[in-house]
Every structure is written in C-alpha cells, then in structure tokens.
2 protein chains.
Amino acid sequence: MTRKEQVHQEAKLLFKEKGYIGSSMRDLANNIGIEASSLYNHVKSKEELLQNICFDLADQFLKAIQEVNAQKYANASDWIRHAMLNHLKVVADNLEASAVFLNEWRFLSGDAMDKYLDFRKTYGGMYRTAIRNGVEKNEFRKDLNPNLAAINILSTMNWTSNWYQENGKENIEDISKQFFDLILKGIKA
Amino acid sequence: MTRKEQVHQEAKLLFKEKGYIGSSMRDLANNIGIEASSLYNHVKSKEELLQNICFDLADQFLKAIQEVNAQKYANASDWIRHAMLNHLKVVADNLEASAVFLNEWRFLSGDAMDKYLDFRKTYGGMYRTAIRNGVEKNEFRKDLNPNLAAINILSTMNWTSNWYQENGKENIEDISKQFFDLILKGIKA
DNA sequence: CCTACCGATCGGTAGG
DNA sequence: CCTACCGATCGGTAGG
C-alpha cells in the first residue's frame, strides 16, 4: 500500500469514528505517524478525502446494479433479490466507507453535493421502477405504494453498515437472503 | 416560548442541518439574535443541548411504547402495529430532534453515551421479544430470524426522519399502516 | 517529509 | 444580555 492509499484508508476509519467535521488533519496524520503538513503531499484538501470515499463507493454500487440489469430478469422479484445481494456485498466489503457515505455526505460542497444527490436519486429510482414493474405484472400487491416499498428496502440496506460486523457468525449472503424474504413475504406465517 | 426554550428549539434545527460538531455556539446565538456568551445564561454547555435533545426524545419513545404494553395485546401483530404507529407519530412530531437523535448521539460523552446505548438496546429488545412471541404462537413464520426482522422494522422507522416532511400529501398514520403491511405481508401479490 | 507558521474560529469565562 | 478576552485548535502554506 502506498502512503497515499494509506492516507485514504485511514481517513475512512477516522471519518466513520469521529465524523468528517470532528476529524482533524492532525488526528489523521497522527494515526499514520507523520506530521499534518505532510498529508498535503498526497492529498489536495480534507474535502478531497471525503469526495473520494463517497464517489468510489457510488461507483461500486453502480457497477453492482449494472451487473443485475445486464441479466434482463423477467421477474421483478429476481431483480430485487439480486440487487439486494450485490448492494449488501458492497456494504459488507466497505463497512467504514459505507458509514461515511451515509452519514457524512452532507459536508460535501457545491458540485460534489449535487452529484451525490443525483446518484442517490437515480439509484433509488431503479428500485422504485422494479417495484412498479412487479405491480403491473401482478407479481406484487396492487395496493402497493412503490415509493414506500422502495424506502423499506433501502432503509434496511443502508442501516446495515451500522450494525454488521464480519465476525464469522453470519455471512452477508445469508443476511441478504433473509432480508429479501422479509421484503417479499413479510413476517406472517 | 421562553428564551431558554428558544435556545433548545434552535439547537435542534442547527444540529440537524450542520451536525453537532459543525454547529458553533456563535451560529446558534446568531440565529437567535444574541451574543454567543449570552447563551450560557440559559445553558450550561454545548453538550447539555445535545443531551436534552436525545433524552427528551428517548422519553417520548418510551412513553409511546409503554402505552402499547398497557394494552396487553394477545397478538404479536397488534403489538407491532400499534408500536410502529406510536413510534412514527413521535418521529413525525419531532423531525429535527429525531434526526439529531439518530445521527449525533455518538458525540455524547461518558455516562450520557452509556445511558443512550442502554435505551437503544432496551427499546430494540422489546421488538425482538414481540417477534419471538409471534413465532412461538405460530403467528409468524417459524424460520424467522427475530433479530433481522426487528432490524427491518427499526431501520425503516429510523430512516423516516430523513425523508418525511409534513406537506399535507401523506399523513403519518397512512404511512405507518403501509409500512406495517410491508413488514407483515411483504410486497408479494 | 519536516519545521515554523498564518489567520480564523472554537467553547467557554470574567466582570459588569 | 453585552464587551472583552482566554488558550486551544483548525485547515492549510512557505520553504527547505
């Protein structure tokens, strides 16, 4: 790992733990074992670190969902099952970045913020569309509000970075399957 | 509204918008129209503001769920339906405080943090227990993981403060009913 | 990658 | 509720 990669890696841990504003460049430098001023040989500004974390992850979420779209599933259920699995795999592989992505994006400035919100809107839109398709094909309940159904899915997936820890007890494929069953069939016997 | 109440009210708005660390006492004073030093006639410290926001809301969540427990429902479904409704009503009535409660609690210090985490654990535990009861009575699927089912409910409710706005279009009772149907029956036709 | 430093801002206090 | 101020810390730069 180059020093530059190390700086970006350490920033994820620090921003998750203390928040973006609560993390100082001196904290970050200290965790690496150099002086704060030396960070600027690897990074233009503090915000560049935040932008990299957010947009690297957005790219991963996008690739994960494009893989699903490429399958051209006939059933909306299949699309959702696969999309949830791929999303949760990205979260599980990037727990710190996921927490930063969700909690610190509001400190992005100007264009970066716009770009970020665009991504979130587009990404959520794909779930809403999948659900609407499922309703039209009578695959899903016709009294469904696609907006709220999408929020149910996205909320649960987003929250995952707050509690999931790779500890060998449960793997993310199992969790994804169980969440999908909850979304599809609910808890009722 | 007394000045003291005004300070606490303004703190909710500011902490939600800029985060706890990102909000300065000078910002807060400026929004009210006084000098920063004058705030300390009404408040002991910045953290006292955060503690009040978090624990006032925790009290409201607790009262809301105690009302549900007092009903002594025979069905787990009824308990969950009513608990969700009461929880979401508190969120809808306290949108700013709810966002602060969820996003800024990590800046609580020492005992306050412990007390906060205790509350979250106890509160989540009541949902897990309700779900386990429902499974035992064959009201819910017996292959259910009560932990993940509770996370599904709590995630969706927690996320509400991020998107819900009282704008006359949808009232929280409708939303609560639709979320409950999603939790109970899922999206499947 | 470091030393030395900049102007700005922070939470909070003294004293009236 | 204000003026005046404290020591600490912030992101970042100059120059080597």
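Below, chains carry the letters A, B, ... as their sequence lines are ordered, and counting in each starts from 1.
- Tested against A/L39 for a side-chain contact (heavy atoms from CB on, under 4.5 Å), the candidates A/M25, A/E10, A/R3, A/R26 yield a single pass: A/M25.
- Atom NE2 in A/H42 sits about 15 Å away from atom C1' in D/dG12, given to the nearest Å.
- Residues B/N152 and A/N152 are in side-chain contact: their nearest non-hydrogen atoms beyond the backbone lie under 4.5 Å apart.
- Taking only side-chain atoms of A/E35, from C-beta outward, the nucleotide of D/dC1, C/dC2, C/dG11 with the closest atom is C/dC2.
- In this structure, B/Y40 places its OH atom 4 Å from P of C/dG12, rounding to the nearest Å.
- For the ring-ring contact (aromatic ring centres under 6.0 Å, His included) criterion with B/Y116, the lone passing option out of B/F107, B/F61, B/F101 is B/F101.
- Of the side-chain N and O atoms in B/S38, one or more sit less than 4.0 angstrom from OP1 or OP2 of D/dC2.
- Spacing between atom CG of A/L50 and atom C1' of D/dG11 amounts to 15 Å, rounded to whole angstrom units.
- B/A149 and A/I187 get closest at one heavy-atom pair: CB-CG2, 4.1 Å.
- Near DNA chain C, meaning a heavy atom under 4.0 Å away, there are no residues from residues 13-32 of chain A.
- Using modelled atom types and a 3.5 Å distance limit, the side chains of B/Y123 and B/H87 yield a donor-acceptor pair.
- With distances taken from any side-chain atom of A/K46 to the nucleotides D/dG11, D/dC1, D/dT13, the minimum falls on D/dG11.
- By the neighbour-count criterion of 12 heavy atoms within 6.0 Å, atom NZ of A/K4 is sparsely surrounded, having that number or fewer from other residues, nucleotides or ligands.
- Remark: A/R128 CZ to A/L154 CG distance equals 8.0 Å, nearest 0.5 Å.
- Here the side chains of A/Y164 and A/V91 are not in contact, with every heavy-atom distance at 4.5 Å or above.
- In this structure, the CG atom of A/L39 is 13 Å from the P atom of D/dT13, given to the nearest Å.
- Counting non-hydrogen atoms of other residues, nucleotides and ligands closer than 6.0 Å to CG of B/D111 gives a total of 12 or fewer.
- Residues of residues 107-115 of chain A that place a heavy atom closer than 4.0 Å to DNA chain C do not occur.
- More than 12 heavy atoms of other shown residues, nucleotides or ligands fall within 6.0 angstrom of atom NZ in B/K185.
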Exercise. Convert the base pairs of DNA chain D into dot-bracket notation, remembering that pairs crossing earlier ones are written with [ ] and that bases paired across to another strand are shown as |; include only Watson-Crick or G-U pairs under 3.5 Å.
Key: ||||||||||||||||
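- When rounded to the nearest whole Å, the span between CG of B/N41 and P of C/dG15 equals 16 Å.
- Taking atom CD of B/E47 as the reference point, atom P of C/dC10 lies 18 Å away to the nearest angstrom.
- In this structure, a donor-acceptor pair under 3.5 Å is absent between the side chains of A/E5 and A/Q9.
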